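Please read all numbers here as calculations on a predicted model, not as lab measurements.
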Amino acid sequence: MILISRFLLPIFITLIYSNSLITAQEKERQEDLIKTENVTFESKGVKLAGTIYTPKNPYAAIVIVHGSDRVPRMTKFAKLLAQNNIMVLTYDKRGVGESGGVYAGPEVGTNNISTENLHLLAKDASSAIDLIHKKRKNLPIGLLGASQAGWIIPIVAKQNPLVDFMVLFSCPMITTLEQLRFQFYTNGRTDFWENHTEKKAREHINNDPDRYQFKATDPKNSLKNLSIPGLWLFGEKDIQIPVKMCIEHLNTFKLENKPFEYVLFPSLGHNTNKAIPIQIAINWIKKQSLQIRNNN
């Protein structure tokens, strides 16, 4: 069963009744039509390296924003989007692969969700937006990311007026400190939701002492200033973020007529990078891009 925001119902019906399977021959033909360009661009004093995938007739452009790990450019995912006529810029995360700068993360004893680092990564994504806009100025441009990107994408969208829409897979609608409280509570237990109630989880998030002391980043502070469309995709069994709590915050924004939508997948956890969520996101991007271009 998939729970879906009512505004997404027409898109979902279109998905179910369309043939989304691509034959190997068709896939090869599409790949031949995709132009690949390796690029570098500057952000906050360092050079970042990535690749732009441009299909023959793109209807939108996307910059992929990283999660929390040491993530190089996401070529497989970028090619999939390009095969669906979306122009994509994916780049090696700061301090990873061919990109300069210093990677921040627990593996190297640093805090990668500090306000300073999240804003630095937002600057990187914003520079990527500027670059892809220069390549194709007539295309609607969006940000797409997962997990930690949920704190970064709203910052970029607030700061860079070129961002037209955003797609967020398993992204938090709570502060960084609240997310840590929940993550420490679940402790990686895949059966967490079989043995804990929503009420207990919320009590813990609201009252548990913080193990670390740093300024929290709240995505809602940026989202309240945005009027661009956004799509969130959640797995109900997520043990990294409290999904129902996040959805409540989204519903509050929807009551304020924010163009925010969500889809909830009861059988999925934090990893929503699956065929159906991706196809729903692609269909949604196409719909938003058509509306944006018609309104310009």
Side-chain angles (χ1 to χ4, degrees), residues 30-56 58 60-114 116-137 139-157 159-169 171 273 278 281 285:
Q30 290 177 350
E31 288 179 349
D32 289 340
L33 296 175
I34 296 170
K35 177 185 174 183
T36 302
E37 179 186 6
N38 291 326
V39 296
T40 60
F41 56 99
E42 290 194 8
S43 174
K44 300 296 286 183
V46 304
K47 276 192 176 182
L48 304 175
T51 305
I52 296 177
Y53 296 86
T54 307
K56 186 176 181 180
I62 283 285
V63 168
I64 299 177
V65 181
H66 310 95
S68 61
D69 298 330
R70 291 177 180 263
V71 187
R73 67 196 79 177
M74 301 173 66
T75 56
K76 185 177 179 180
F77 188 38
K79 288 178 182 178
L80 173 62
L81 295 174
Q83 288 164 8
N84 285 273
N85 297 316
I86 300 172
M87 183 179 180
V88 183
L89 170 53
T90 179
Y91 58 96
D92 297 336
K93 192 174 187 177
R94 174 177 288 260
V96 179
E98 298 178 18
S99 287
V102 178
Y103 166 76
E107 309 99 308
V108 292
T110 52
N111 179 7
N112 63 358
I113 58 171
S114 68
E116 294 77 16
N117 190 58
L118 292 175
H119 278 265
L120 181 60
L121 297 177
K123 291 289 185 185
D124 295 347
S126 185
S127 296
I129 287 285
D130 293 339
L131 175 61
I132 204 167
H133 173 69
K134 290 177 183 177
K135 297 288 184 179
R136 295 291 290 265
K137 293 185 178 181
L139 292 179
I141 302 175
L143 292 161
L144 183 152
S147 196
Q148 187 188 87
W151 293 303
I152 298 168
I153 287 175
I155 296 171
V156 184
Q159 294 177 347
N160 193 326
L162 294 175
V163 179
D164 294 309
F165 60 89
M166 49 192 176
V167 179
L168 306 100
F169 287 77
C171 285
N273 184 20
I278 291 171
I285 291 168

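In this structure, Thr110 and Tyr103 have side chains that are not in contact, with every pair of non-hydrogen atoms separated by 4.5 Å or more. Counting only heavy atoms from C-beta outward, the side chains of Pro55 and Met87 approach each other to under 4.5 Å. Counting only heavy atoms from C-beta outward, the side chains of His66 and Arg94 never approach each other to under 4.5 Å. At a threshold of 4.5 Å between non-hydrogen side-chain atoms, the residues Ile285 and Val167 count as touching. At a threshold of 4.5 Å between non-hydrogen side-chain atoms, the residues Ser126 and Gln159 do not count as touching. Contact of the Thr54 side chain with the Arg136 side chain is registered, since non-hydrogen atoms from C-beta on lie closer than 4.5 Å. Using a 4.5 Å heavy-atom threshold, the side chains of Lys93 and Leu121 count as touching. Side-chain contact check for Val108 versus Arg70: some heavy-atom pair is nearer than 4.5 Å.
Within the model, atoms CD1 of Ile155 and CG of Asn160 stand 13.0 Å from one another, a figure rounded to the nearest 0.5 Å. Rounded to the nearest 0.5 Å, atoms CG (Leu162) and CG (Leu139) are 12.0 Å apart. Leu33 CG to Asn85 CG: the interatomic distance, rounded to the nearest 0.5 Å, is 9.0 Å. To the nearest 0.5 Å, atom CG of residue Asn273 and atom CZ of residue Phe169 are 6.5 Å apart. If you take CG on Leu48 and CG on Leu89, they are separated by 10.0 Å, rounding to the nearest 0.5 Å. Here the straight-line distance linking atom OG1 of Thr90 with atom CD1 of Ile52 works out to 10.5 Å at 0.5 Å rounding.
Minimum heavy-atom separation, Gly142 to Ile129: O-CD1, 4.1 Å. Across Pro140 and Asp164, no two heavy atoms sit closer than the pair CA-OD2, 3.2 Å. Across all non-hydrogen atoms, the minimal contact from Cys171 to Leu168 is SG-CB, 3.5 Å. When all heavy atoms of Ile152 and Leu118 are compared, the closest pair comes out as CG1-CD2, 3.9 Å. Between Asp92 and Ser99, the shortest heavy-atom contact is O-OG, 2.7 Å. For Asn117 against Ala104, the heavy-atom pair with the smallest separation is OD1-CB, 3.6 Å.
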Under the side chain to side chain contact (heavy atoms under 4.5 Å, CB included) criterion, do Met166 and Val65 qualify, and how do the steps go? CA-CA 10 Å; Met166 49 192 176; Val65 181; over 6 Å; no

Practice problem: Please step through side chain to side chain contact (heavy atoms under 4.5 Å, CB included) for the pair Tyr53 and Leu80, ending with a clear verdict. | Solution: CA-CA 10 Å; Tyr53 296 86; Leu80 173 62; over 6 Å; no

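Residues passing the ring-ring contact (aromatic ring centres under 6.0 Å, His included) test with Phe41 are Tyr91, sequence neighbours excluded.
Residue pairs satisfying the side chain to side chain donor-acceptor pair (under 3.5 Å) criterion with at least one member in residues 145-157, sequence neighbours excluded, are listed as follows: Ser147-His270.
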